[in-house]
Amino acid sequence: MADRITVIGWDGTPLTEAAGAALAAATLVAGAPYQLGALPVPPAAERIVLGNIRQAARRIAEHRGAAVVVAEGDPGFFGVVRTLRRPEYGLELEVLPAVSSVATAFARAGMPWEDAQVVSAHGGRLRRAANICRAHPKVAVLTAPGAGPGELALMLRGVHRTFVVCEGLGTPDEDVTVLTSDRIADHAWRDPNVVLVIGGNSGAPAVPVDEAAGWLAGRPIGFPGADRGWALPGDAYAGAGRAADDPGASEALPAHARALVLARLGARPGDLVWSVGAGSGALAVEAARFGAAVVAVEASRSACARITVNARRYGVEVETVHGQGPEVLGGLPEPDVAVVEAGGLQVVRAVLARRPERFVTVARTFAEAEEFRRAITEAGYRADGALLQSAPLLAADGGGVALGADGAGALLLWGEQIV
């Protein structure tokens with residue numbers, strides 16, 4: 001193993017005294033080609049171009065002498081330190097960080113970033129990174145070849161965002177470009193870069209000023225300060241149930257049914273959830289509060305407006321699509337999980353054809369439930385279901401409690417892909 005391994009974060013500024021001394025004493029230096037060309041690497045030192053990090057780590061582990069690895073910005077933040085610390089290499093590191101590229105990007109934009117999500121599109125994660133951009137109003141994306149600003153904008157087509165594309169941060173060729181998402185694909189961008197994806201329609205969550213000021217980095221799941229918990233009572237949402245003046249709107253699920261649906265969906269950050277026949281959007285909003293991106297499909301225009309109101313109230317992003325039937329689903333991005341709250345057998349089959357990992361639907365009759373169960377099974381899913389019935393607890397005469405007579409029921413079917 002190398003006698004000493006120093007990982008230097010470099011942001012284009014002059015090296016610190018400690019970093020300069022480590023580099024001057026190095027007998028092996030690993031870094032990007034531009035870094036090896038710009039820094040004072042000792043002429044006798046072995047040079048390794050950092051392409052395959054694991055291959056470089058094996059060579060460093062075999063080296064006898066002082067090794068230096070040069071990385072961009074803070075190498076402990078989505079950087080080489082994670083790979084170099086893998087136990088199979090047995091490396092002990094001294095890390096000398098510089099300002100991270102994410103911090104630099106937000107500084108160039110003149111924006112605070114303790115409330116931002118930070119995601120990496122490396123390793124085939126572009127789709128999940130795009131879903132985070134759908135779900136949150138401020139995201140920094142660390143891009144990769146083939147997963148850059150253009151590809152990200154295509155993933156977000158139809159979702160209006162502002163892109164701040166930062167190329168060559170800390171180098172003489174640094175360039176910062178601000179464009180709307182519909183214009184990003186018209187440009188050729190240099191790798192590597194950092195993209196800030198900004199915007200959204202939900203507005204800030206309704207929290208007290210002292211809590212909204214922030215104390216926890218990132219946007220926490222559930223949004224501290226908003227109503228705690230989930231499967232909230234129906235009156236927590238505007239337009240719960242079918243409004244008397246809007247007979248075309250889908251009827252909202254009772255709270256206890258929403259709780260089971262959310263549990264079966266298991267929505268998480270990076271997922272895209274379809275809520276078809278979304279009604280007031282109670283279920284869609286609660287899925288979004290778990291950090292998932294959500295598309296709510298609803299046939300009633302007035303119900304679509306109420307979904308927007310409910311999303312704003314809880315400070316989440318929900319993309320609302322007006323329409324009904326299988327035809328409206330064709331232009332939507334692929335779902336990770338999906339729920340059909342209303343729509344019938346044709347809609348159930350159309351959603352299953354898009355292959356979500358998990359699927360839930362609501363049946364109105366036992367005959368419909370059997371049709372749905374058969375459709376779920378024929379689509380290659382493991383099917384299950386439950387009839388839920390609840391009754392409210394009421395204060396009884398003379399003390400104690402009694403069951404109310406106006407309980408709400410729900411007949412749920414769900415499926416998971418058979419691996």
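Glu286 CD to Tyr314 OH: the interatomic distance, rounded to the nearest 0.5 Å, is 8.0 Å. Taken to the nearest 0.5 Å, the CG atom of Leu91 stands 6.5 Å off from the CG atom of Leu84. Atom CD of Glu92 is separated from atom CD of Glu94 by 12.0 Å, given to the nearest 0.5 angstrom. Taking CZ of Phe372 as the start and CD of Glu368 as the end, the distance is 3.5 Å to the nearest 0.5 Å. The CG atom of Leu196 sits 11.0 Å away from atom OG1 of Thr162, with the distance rounded to the nearest 0.5 Å. A distance of 13.5 Å separates CZ in Arg268 from CZ in Phe290, rounded to the nearest 0.5 Å.
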Using distance only, find each side-chain donor-acceptor pair of residues 69-78 under 3.5 Å and give its atom names and separation, not counting sequence neighbours.
{"residue": "Glu72", "atom": "OE2", "partner": "Tyr34", "partner atom": "OH", "Å": "3.0"}
{"residue": "Asp74", "atom": "OD1", "partner": "Gly76", "partner atom": "N", "Å": "3.0"}

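Judged by distance alone, the side chain of His136 and the main-chain N or O of Gln117 form no donor-acceptor pair under 3.5 Å. A donor-acceptor pair under 3.5 Å is absent between the side-chain atoms of Asn310 and the main chain of Ile307, judged by distance alone. Using a distance-only test at 3.5 Å, with no hydrogens or angles considered, no donor-acceptor pair links the side chain of Arg161 to the main chain of Leu156. Judged by distance alone, with hydrogens and angles left aside, the side-chain atoms of Arg108 form no donor-acceptor pair with the main-chain N or O of Ala103 at under 3.5 Å. Looking at Thr6, its side chain never comes within 3.5 Å of a backbone N or O of Val68 through a donor-acceptor pair. Between the side chain of Glu298 and the backbone N or O of Cys304 there is no donor-acceptor pair closer than 3.5 Å. At distances below 3.5 Å, not a single donor-acceptor pair connects side-chain atoms of Glu167 with backbone N or O atoms of Glu174. Panel note: side chain Ser181, backbone Ala153; no donor-acceptor pair is recorded below 3.5 Å. Side-chain N or O atoms of Arg354 include one that pairs as donor or acceptor with a backbone N or O of Leu329 at under 3.5 Å. Looking at Arg355, its side chain does come within 3.5 Å of a backbone N or O of Ala379 through a donor-acceptor pair.
Looking at Arg374 and Glu370, a side-chain N of the basic residue comes within less than 4.0 Å of a carboxylate O on the acidic one, giving a salt bridge. Electrostatic pairing of Glu317 and Arg134 does not count as a salt bridge here, judged by no charged N lying under 4.0 Å from a carboxylate O.
Sequence neighbours left out, the pairs with a member in residues 269-278 that pass side chain to side chain donor-acceptor pair (under 3.5 Å) are Arg128-Asp271, Ser275-Glu341. Residue pairs meeting the side chain to side chain donor-acceptor pair (under 3.5 Å) criterion with at least one partner in residues 16-33, sequence neighbours excluded, are Thr27-His63. For residues 168-191, the pairs satisfying ring-ring contact (aromatic ring centres under 6.0 Å, His included) are His187-Trp189, with sequence neighbours left out. Within the structure, the side chain to side chain donor-acceptor pair (under 3.5 Å) test picks out the following pairs touching residues 42-55 (sequence neighbours left out): Glu46-Arg59.
Here Tyr381 pairs with nothing under the ring-ring contact (aromatic ring centres under 6.0 Å, His included) rule; sequence neighbours left out.
At least one side-chain heavy atom of Phe366 sits less than 4.5 Å from a side-chain heavy atom of Leu387. The shortest side-chain heavy-atom distance between Phe359 and Val351 falls under the 4.5 Å cut-off. For the pair Thr361 and Leu412, the minimum side-chain heavy-atom distance is 4.5 Å or more. For the pair Val139 and Val119, the minimum side-chain heavy-atom distance is below 4.5 Å. Between Leu126 and Leu152, some side-chain heavy-atom pair lies under the 4.5 Å cut-off.
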Next item on the list: Decide side-chain hydrogen bond (donor to acceptor under 3.5 Å, both in side chains) for Asp173 and Thr171; before the verdict, give the C-alpha distance in whole Å, the side-chain angles of both, and the deciding distance to 0.1 Å.
Entry: CA-CA 5 Å; Asp173 298 323; Thr171 72; 5.0 Å; no

Next item on the list: Given salt bridge (Lys or Arg N to Asp or Glu O under 4.0 Å), test Asp336 with Arg127 step by step and report yes or no.
Entry: CA-CA 11 Å; Asp336 294 287; Arg127 182 174 174 276; 2.8 Å; yes

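In the displayed structure, Arg364 atom CZ is contacted under 6.0 Å by more than 12 heavy atoms of other residues, nucleotides or ligands. Atom CD of Gln324 sits in a sparse spot, with 12 or fewer heavy atoms from other residues, nucleotides or ligands closer than 6.0 Å. No more than 12 heavy-atom neighbours from other residues, nucleotides or ligands sit within 6.0 angstrom of CZ on Arg125.
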